[in-house]
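Read through the structure below, which is laid out as structure tokens, and then see the notes.
Treat the numbers as computed from the prediction; the structure is a model and nothing was measured. Only this structure's heavy atoms are used, side chains among them; waters, hydrogens and symmetry mates stay out. For ligands, and for the atoms within them, numbers begin at 1 and follow the listed sequence.
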Amino acid sequence: MKICMIGTGYVGLVSGTCFADLGNKVICVDNDKNKINKLKKGISPIYEPGLDDLIRNNYRSKRLDFTDDLEKAVKDSQIIFVCVGTPTKKGSNLVDLSQVYSVSKSISKYIKSYKLIVTKSTVPVSTGDQIEKLISKKVKKTLFDVISNPEFLREGEAIRDFKYPDRIVIGSDNKKIYKKMELLYEPIIKKGAKFLCTSRKGAELIKYASNAFLATKITFINEIANLCESAGINVEDISVGIGSDARIGSRFLRAGPAYGGSCFPKDTKGLVSISDKYKANLSIIKTVIKSNQNRKHLLTKKITKIMNNKFKKKKITVLGVTFKANTDDMRESSSLVLIPFLLKKGAIVKYHDPSGPKNEFKNNKNLKFEKTLSKACLGSDLIIINTEWDEFKSIDFKKIVKKNNFKIYDMRNLYNPIELKKRNIKYFSIGRQ
Ligand code: UDX
């Protein structure tokens, strides 16, 4: 099929490249010329394992192309995916839909033959209705349909998640469309993905409800971890114990720092603003947002305790500063609270992240990026493991720190406390003694 992806951010670029890899002819559009030129050279603007190779292969095979010419892309395509950003409006829970509406207006100028317009961006309930209204100002209703097809890709696992999703959700009020989308996703459905069809508004809500539920699950286990720490219980036993109940499920029950990233914080807020609009009180989600925010500060209190409130001139190493492993994404990462806290307390901070140094942490004389793990840890008083990269999982700490009495605060529970205590290392973790 001939497909156009509007927006070459995370969703558009990964989905477009994967659709091309399935044999479709895909044109990715972005108004950032610089980005388009880089993509044509096979340089991906985002960090995603495996994506560069997939882009190059499909570009060479002429199944995938990039352009800033929206008019041509729309005219040449049968299906148009809207994949632009839907950030939170500053100072509120509201979703900023300006990019979605501006793209919809532009599309409407170029529709001359039938087009299927698919919203992949995460958009509040009834945005599809607004897009349809907007386009029908210029285009006859028989020449287009607007449907919803949310994505559930995780950063760092996006290609795998696209190719082997648990489900594909199609939201359309015109049932004839389901078959068309089933055909597009046929190779993935054949591998076992569930194909779920619902109303357009239903699909829009499924996306928000999924992310909010996962955020709730994480927040739940994080609060249980707090209880475990006070009561002397191992939170991992609790995760296995409750997760073995098929009704609960074992995934997303890893206690850790506050959740972050481009989706959970944004979409939980977005869901609250949707519920406000429809006058429904989603008190659980409101509490989740608050609890996750508090968690960032709660963990800094724990660090104060670990350090006996003595930070001045202490050397502290932070391993991993992104919101999770296998990404370079800093959005809503708990390190954005953690590192300023350590600096304010007077510590000398070094950080190492396999995805490289970060602009957020530039220009501070007490904060330095180290290229290697061993340099970052050398002479440290406290090592904080903030993300779960594979290279952080089997460090010989004594060998690389080269001093006595250092402490470790493992916020991802990567190590066995008994083993480290046997080696006389002062080790602290989440929800474990
Ligand atoms: C998420 C959703 O998983 C995905 O379906 C959606 O499309 C986009 O948002 P992503 O933001 O890439 O994906 O990251 P994810 O792996 O879900 O993790 C989000 C946050 O939760 C991270 O900060 C992660 O460290 C944290 N997390 C996740 C936990 O603390 N514990 C867990 O058990 C799982």
Side-chain angles (χ1 to χ4, degrees), residues 9-12 14-15 18 46-49 51 83 85-87 120-123 148-162 164-169 193 203-204 206-226 235-236 238-240 242-243 248-271 288-289 291-293 295-296 299 319-338 353 355 385-389 392 410-414 429-431:
Y10 218 89
V11 177
V14 172
S15 310
C18 289
I46 56 168
Y47 178 99
E48 181 62 35
L51 184 61
C83 310
T86 51
K120 247 199 191 306
S121 304
T122 300
V123 293
S148 163
N149 170 215
E151 58 77 27
F152 302 97
L153 311 175
R154 284 165 302 165
E155 293 187 17
E157 315 271 352
I159 294 167
R160 199 206 143 274
D161 282 353
F162 185 93
Y164 304 96
D166 293 332
R167 79 306 208 182
I168 292 155
V169 175
E204 289 167 343
I206 284 173
K207 172 64 198 239
Y208 278 99
S210 296
N211 275 353
F213 188 83
L214 291 171
T216 305
K217 217 175 164 186
I218 297 166
T219 306
F220 176 83
I221 201 68
N222 282 342
E223 290 200 352
I224 293 288
N226 296 342
V235 70
E236 297 197 334
I238 309 305
S239 293
V240 176
I242 63 175
I248 296 173
S250 58
R251 295 172 70 193
F252 278 68
L253 281 180
R254 272 179 291 112
Y259 64 73
S262 63
C263 290
F264 288 174
K266 167 174 89 72
D267 295 347
T268 41
K269 286 183 197 160
L271 186 54
V288 165
I289 295 169
S291 172
N292 194 59
Q293 205 53 38
R295 184 159 188 79
K296 297 179 190 170
L299 296 186
L319 296 183
V321 293
T322 53
F323 79 94
K324 65 171 188 178
N326 302 317
T327 177
D328 64 351
D329 199 335
M330 287 296 291
R331 280 176 287 180
E332 301 280 344
S333 171
S334 53
S335 73
L336 294 168
V337 170
L338 171 67
D353 194 293
S355 71
I385 304 174
N386 187 53
T387 58
E388 67 283 27
W389 289 83
F392 299 163
D410 178 1
M411 291 189 180
R412 298 287 179 168
N413 289 358
L414 302 183
S429 55
I430 300 278

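- For ligand 1, the atoms sitting less than 4.0 Å from at least one non-hydrogen atom of F152 are 4 (C), 5 (O), 7 (O), numbered in the order shown with element in parentheses.
- Within the 4.5 Å cutoff, side-chain heavy atoms of S262 are placed close to those of D329.
- Of all the atoms in ligand 1, the ones that sit under 4.0 Å from a non-hydrogen atom of C263 are 8 (C), 9 (O).
- For ligand 1, the polar-atom distance check against S262 finds no nitrogen or oxygen pair separated by under 3.5 Å.
- Atom 4 (C) of ligand 1 has as its closest protein heavy atom L153 O, 3.4 Å.
- Every atom of ligand 1 is numbered from 1 in the order shown, and the set under 4.0 Å from a heavy atom of F252 is 17 (O), 28 (C), 32 (C), 33 (O), 34 (C).
- Within the 4.5 Å cutoff, the side chain of S15 has heavy atoms near those of the K120 side chain.
- For Y259, no nitrogen or oxygen atom sits less than 3.5 Å from a nitrogen or oxygen atom of ligand 1, counting backbone and side chain alike.
- Contacts between T387 and ligand 1 below 4.0 angstrom, taking non-hydrogen atoms only, are absent altogether.
- Of the charged side-chain nitrogens involved, none lies within less than 4.0 Å of a carboxylate oxygen, so that E223 and R295 do not count as a salt-bridged pair.
- Of all non-hydrogen atoms in L271 and A212, the two that sit nearest each other are CD2-CB, 3.5 Å.
- For atom 27 (N) of ligand 1, the nearest non-hydrogen atom of the protein is I218 CD1, 3.5 Å.
- Between T322 and D353 the shortest side-chain heavy-atom distance falls below 4.5 Å.
- Between S335 and M330 there is a side-chain heavy-atom pair separated by less than 4.5 Å.
- Contact analysis puts G260 in contact with ligand 1, with a non-hydrogen atom separation below 4.0 angstrom.
- At least one cation-pi condition fails for R412 and F392: the charged atom is not both under 6.0 angstrom from the six-membered ring centre and inside a 45 degree cone around its axis.
- Note on ligand 1: R251 sits outside its first shell, no heavy atom being nearer than 4.0 Å.
- Under a 4.0 Å criterion applied to the non-hydrogen atoms of K207, ligand 1 contributes the atoms 7 (O).
- Contacts of N211 with ligand 1, taken as heavy-atom pairs under 4.0 Å, involve the side chain alone.
- Considering backbone and side-chain N/O atoms, E388 never comes within less than 3.5 Å of an N/O atom of ligand 1.
- Side-chain contact between C18 and I159 is present, with heavy atoms from C-beta onward closer than 4.5 Å.
- Only the side chain of R412 comes within 4.0 Å of ligand 1, judged by heavy-atom distances.
- In this structure, S429 contributes its side chain and N413 its backbone to no donor-acceptor pair below 3.5 Å.
- The single protein non-hydrogen atom nearest to atom 22 (C) of ligand 1 is F323 CD1, 3.5 Å, given as residue, atom name and distance.
- Taking a 4.0 Å cut-off on heavy atoms, E332 fails to register as neighbouring ligand 1.
- Contact of the E204 side chain with the T122 side chain is not registered, since no non-hydrogen atoms from C-beta on lie closer than 4.5 Å.
- The shortest heavy-atom distance from G261 to ligand 1 is not under 4.0 Å.
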- Message: Between I430 and D410, does the side-chain contact (heavy atoms from CB on, under 4.5 Å) criterion hold? Intermediate values first, please.
- Response: CA-CA 7 Å; I430 300 278; D410 178 1; over 6 Å; no
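- When only non-hydrogen protein atoms are considered, atom 12 (O) of ligand 1 lies nearest to E155 N, 2.6 Å.
- With respect to atom 3 (O) of ligand 1, the closest heavy atom belonging to the protein is R154 CG, 3.2 Å.
- Residues K217 and R251 share a closest heavy-atom pair of NZ-O, 2.7 Å.
- For N292 (side chain) and Y259 (main-chain N/O), a donor-acceptor pair under 3.5 Å exists by modelled atom type.
- Polar contact check, G256 against ligand 1: no nitrogen or oxygen pair lies under 3.5 Å apart.
- Ranking the protein heavy atoms by distance from atom 31 (N) of ligand 1 puts R254 O, 2.9 Å first.
- The single protein non-hydrogen atom nearest to atom 19 (C) of ligand 1 is F264 CE1, 3.5 Å, given as residue, atom name and distance.
- At least one donor-acceptor pair closer than 3.5 Å links the side chain of N222 to the backbone N or O of G256.
- Scanning the protein heavy atoms around atom 15 (P) of ligand 1, the nearest turns out to be K324 NZ, 3.6 Å.
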